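One-based numbering, in listed order, for ligands and for the atoms of each. In this chain, residues are counted from 1 in sequence order. Just so we're clear, the structure is a prediction, and the values are computed from it rather than from any experiment.
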Amino acid sequence: MTSNEQTPSGNSSLATTDGELERFENPGFPEHGHRLTDIDPIAAKRSERQIAGLFVVSMLGTLLFIVSYFVFTPEESMSSIRVSNLMLGLGMGISLFAIGVAAVLWAKNLMPDHEFVEERHDIHGSEEDQAVALEIINQGKEESGIARRPLIRNTLIAAMALMPLPAVLVFRDLGPLPGNKLHETLWDKGIRLAKDPGGIPESPGLIKASDVTIGSVFHVIPENLHDAEHALEEKAKSAVLLMRLDPSDLKEDEDRKSWSYNGIVAYSKICTHVGCPVALYEHQTHHLLCPCHQSTFDVTEHCKVIFGPAKRPLPQLPITVDSEGYLVAQSDFPEPVGASFWELNQK
Ligand code: FES
């Protein structure tokens with residue numbers, strides 16, 4: 001019976017049961033075969049042009065992204081948002097894919113393909129090692145042909161120079177800061193609460209307090225949402241969750257007791273972490289859960305955060321009933337809705 005071991009020199013040995021070592025020569029690598037591009041200058045040139053062409057395609061993809069960003073500006077409709085996302089994704093995909101394929105072709109067809117063994121050595125490098133490393137880098141530079149192939153080098157530089165531009169555009173979308181936009185929503189004194197979906201002119205879905213039974217939950221929008229100029233944007237800020245609890249379960253602060261009506265409470269649906277819609281209500285515990293990162297809010301205590309990354313409670317919408325028994329807002333939210341931001345407390 002034998003076991004196989006590798007010696008530092010690369011030779012292998014077979015350990016026999018009687019302790020004798022039987023050495024044999026390292027067979028080495030198979031003979032190196034030449035690629036077409038190694039022996040045929042025309043094939044090498046063709047490959048060079050293909051690679052450069054792919055870098056050009058990458059540039060076109062980047063330009064497609066930039067042009068699409070301005071031409072397919074998303075409007076209010078979902079279809080325009082889809083078209084915009086499609087064109088941006090297409091541009092970015094083409095740009096990255098072409099650079100990737102070009103790099104693979106360059107390495108496979110034009111760079112040296114000799115296999116070699118590199119022995120392990122200490123991790124830290126002496127000055128001599130560093131000099132050797134520098135020499136290897138220079139050798140790599142020489143072997144890649146980047147100095148000798150200006151067509152590839154220049155198209156690569158151009159493609160890489162254009163690559164960050166989409167990121168600049170995407171970062172542009174992060175600004176400007178929201179300013180007062182999140183301080184103001186469509187809610188105002190006397191605006192009735194309407195069911196979502198259903199809050200449309202033909203079927204306003206208005207909610208009477210008498211229709212809200214204990215334990216029920218409604219997704220709510222302001223009745224005037226359909227009149228808003230930017231309805232989608234306004235809905236994203238004004239969405240509300242309405243719940244009715246047994247009034248004895250509510251632990252309300254003295255100054256906020258008038259913000260609820262007979263155990264009916266309304267809170268912003270926009271998570272204060274990074275703005276996902278909070279939509280999971282647990283009847284037994286009266287907890288609201290955000291599905292994105294599991295922030296959990298306690299409805300009995302003004303939606304304070306009891307778990308997860310959110311840093312502040314969901315803003316409460318003060319509500320009451322009007323003369324016809326419909327639920328109405330007493331005012332706008334007293335604080336900005338959604339994710340926290342630098343200017344949260346400045347108005
Ligand atoms: S967005 Fe709600 S927990 Fe992150």
Enquirer: Could you list which atoms of ligand 1 come closer than 4.0 Å to a heavy atom of C276?
Expert: 1 (S)
Enquirer: I need the nearest protein heavy-atom contact for atom 3 (S) of ligand 1: residue, atom name and distance, please.
Expert: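 Result for atom 3 (S) of ligand 1: S295 OG, 3.1 Å.
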Enquirer: Taking SG to SG, are C276 and C292 separated by less than 2.5 Å?
Expert: yes
Enquirer: Donor-acceptor check, side chain of S84 to backbone of S80, threshold 3.5 angstrom: yes or no?
Expert: no
Enquirer: With a cut-off of 4.0 Å, which atoms of ligand 1 are near a heavy atom of V274?
Expert: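 Those qualifying, in numeric order: 1 (S), 4 (Fe).
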Enquirer: Suppose we only count N/O/S atoms under 2.8 Å; would H293 qualify as near atom 2 (Fe) of ligand 1?
Expert: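 Given the 2.8 Å cut-off, H293 does not count as a ligand of atom 2 (Fe) of ligand 1.
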Enquirer: Given 3.5 Å as the limit, does a donor-acceptor pair link the side chain of S95 with the main chain of G91, or not?
Expert: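 No: the side chain of S95 does not pair with the backbone of G91.
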Enquirer: Is there a side-chain contact between V337 and T272, using heavy atoms and a 4.5 Å cut-off?
Expert: no
Enquirer: Going by the order shown, which atoms of ligand 1 are within less than 4.0 Å of some heavy atom of C271?
Expert: 1 (S), 2 (Fe), 3 (S)
Enquirer: Pick from V328, N224, D332: which one makes a side-chain contact (heavy atoms from CB on, under 4.5 Å) with W187?
Expert: D332
Enquirer: Which of the N/O/S atoms in H273 sits closest to atom 4 (Fe) of ligand 1?
Expert: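 The nearest such atom is ND1.
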Enquirer: Closer than 2.8 Å to atom 4 (Fe) of ligand 1, do we get an N, O or S atom from C292, backbone or side chain?
Expert: no
Enquirer: So, is C290 placed with an N/O/S atom under 2.8 Å from atom 2 (Fe) of ligand 1, counting both backbone and side chain?
Expert: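 Checking C290: at least one N, O or S atom is under 2.8 Å.
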Enquirer: Distance-only, no hydrogens or angles: does the H286 side chain make a donor-acceptor pair with backbone N or O of H283 under 3.5 Å?
Expert: yes
